[in-house]
Amino acid sequence: MSSKEKSSQVSGFYKLSIEKRIEFVQQFASLSKEEAQVFSSSLDVETADRMIENALGTFELPLGIAVNFIINGKEYLIPMATEESSVVAAASNAAKFARIHGGFATECSDPLMIGQMQLLRVNDVATAAQTIMNHKKQLLQLANAQDKILVTLGGGAKDIEVRILDSPLGKMIVAHLIVDVRDAMGANAVNTMCEALAPMLEELTGGKIRLKILSNLADRRIVKAKAVFDNKKMGGDQVVDAFLESYTLASIDPYRAATHNKGIMNGIDSLIIATGNDFRAIEAGAHAYAARNGHYTSLTNYHKDKEGNLVGEIELPMAVGIVGGASSIHPKAKLCQKILGLTTAKELGEIAASLGLAQNFAAVFALSTVGIQKGHMSLHAKNIAIMAGATGELIDKIADNMVEEGNVKLDRAKELISSFK
Ligand code: MEV
């Protein structure tokens, strides 16, 4: 496949055998035979033992590929690691709707992370805050001396901001170190810098430093994605209006917004895991950002354009890296990055936001039309059949039977197994 004719658009991908699917991805991403074999290998225990403490083995998740994505004019196959059925199919389907109007378009801020340094027992917080600001240059120099490579790459500590907070312990100062972490997630670089600045801050203010740690509310590292979902393909004005009615509840009600945002994270987390990134950091940042105006709300918003198409937008923090941590060690994470053809962490963030928007569109579209259970049922039925003891061809036979009857239950699967024997 030359890069000109390279397309992520496939219909009936799910019908292909696993070998054929791998072949397709191999061609798309120009993977070597050895690289393609990584799909069916597991993380070796020695690597696992170096990654965490007290390792016993590894824990596997299904890895799938979302198809049909165009993001900023580029074709993408998106690897997704998830235990939840329907998620990969839903994302691929949503990408088809967006494709008609050119796919997803994104914007991204610089990769700025925030490190917090908490200063207690300061007599005069206003004067201390001013002293810190007066020594900004020296503090930034000291921070940057901790990571010369980052500085040569154009990153490093860029700014210091000081906040004075009221607390049950009295007034405290929280100094924020703003660090451009380039292609890393950034936790290590930022934490090292904050720890290095602590003695100087204590000396300058006469206070006591307590916490020195990165903030997961990465609101200086924001990504936005936008897509137009085709009116006709959605089923016309009535369906677009039904979608907007459903979405409105997420915009006003935290009970619905939590579920709505969970659906977004179904997509984002799957990609974050597949690329060896820290999904807890992304989750924490996303939900804190969703509450940034004092009430928890939807991370996406939607409206209808003049042609009646549905326009969807998402905005959230995206602290992801393509260097350091598991993203550089885990063979499958490295392979997934290659499939995406990543050159920067920014690009990964933009794909993640687009995928989150696609996932959210798919969920709300299903909820506004046929309901969510229809899509879930077929794979769910297979799982129930396996739980009941079905093997081989019997799994599909029993699952199809239960879906047809509208009775997908463990007891029924067991009955069917006996009747087929
Ligand atoms: C299920 O994992 C996710 C959904 O509940 C999301 C939503 O309700 O928007 C379907």
Side-chain angles (χ1 to χ4, degrees), residues 14 61-66 68-69 78-98 104 225-227 229 233-235 239-274 279-280 282-291 295-304 310-316 352-384 387 403 406 408:
Y14 67 98
L61 276 179
L63 176 69
I65 279 281
N68 303 326
F69 274 83
I78 305 185
M80 300 176 75
T82 179
E83 89 299 344
E84 185 167 332
S85 61
S86 307
V87 165
V88 180
S92 305
N93 195 34
K96 248 194 237 170
F97 285 68
F104 298 80
K226 185 175 177 179
F229 299 98
K233 188 155 173 69
M234 282 180 71
V239 180
V240 174
D241 291 344
F243 185 108
L244 288 169
E245 284 165 4
S246 301
Y247 154 69
T248 302
L249 184 58
S251 71
I252 57 164
D253 176 27
Y255 285 96
R256 171 59 200 153
T259 323
H260 180 94
N261 291 341
K262 189 272 182 185
I264 293 173
M265 301 317 285
N266 276 344
I268 294 180
D269 282 347
S270 307
L271 171 63
I272 295 303
I273 294 170
F279 60 93
R280 286 87 55 215
I282 301 297
E283 283 279 345
H287 295 290
Y289 196 67
H295 64 101
Y296 185 86
T297 185
S298 163
L299 286 164
T300 51
N301 66 70
Y302 291 92
H303 67 271
K304 200 154 64 161
L310 181 75
V311 181
E313 288 163 316
I314 187 169
E315 175 178 330
L316 79 169
S354 304
L355 181 59
L357 177 59
Q359 206 72 57
N360 179 236
F361 166 80
V364 179
F365 179 61
L367 287 165
S368 312
T369 52
V370 291
I372 209 76
Q373 285 310 92
K374 189 168 180 274
H376 268 290
M377 257 328 146
S378 130
L379 272 178
H380 175 62
K382 283 188 196 171
N383 286 330
I384 296 286
M387 277 163 65
V403 171
V408 183

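One-based numbering, in listed order, for ligands and for the atoms of each. We number each residue from 1, following the sequence as shown.
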When you compare the side chains of Y247 and H260, does any donor N or O come within less than 3.5 Å of an acceptor on the partner? no
Y289 and N261: side-chain donor and acceptor closer than 3.5 Å?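 The criterion, which ignores hydrogens and geometry beyond distance, is not satisfied for N261 and Y289.
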Element-labelled atoms of ligand 1 that are located less than 4.0 Å from some non-hydrogen atom of [X]:
| X | value |
| --- | --- |
| K262 | 1 (C), 2 (O) |
| L367 | 7 (C), 8 (O), 9 (O) |
| E84 | 1 (C), 2 (O) |

Pairwise salt bridge (charged side-chain N to carboxylate O under 4.0 Å, His left out) hits with a residue in residues 256-267, at least two apart: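 Qualifying pairs, neighbours excluded: E84-K262.
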Answer yes or no: does an N/O atom from H260 fall short of 3.5 Å to an N/O atom of ligand 1? no
Does ligand 1 come near enough to R256 that some N or O of the ligand is less than 3.5 Å from an N or O of the residue? yes
Where's the contact between N266 and ligand 1, heavy-atom distance under 4.0 Å: side chain, backbone, both or neither?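 Contact part for N266 vs ligand 1: side chain (C-beta onward).
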Mode of V87 contact toward ligand 1 - side chain, backbone, both, neither (heavy atoms, under 4.0 Å): neither
Using every non-hydrogen atom in the two residues, find where [X] and [Y] come nearest and quote the distance to one decimal.
| X | Y | answer |
| --- | --- | --- |
| A90 | Q359 | CB-NE2, 3.8 Å |
| L63 | P79 | CD1-CB, 4.2 Å |
| A94 | F229 | O-CE2, 3.9 Å |

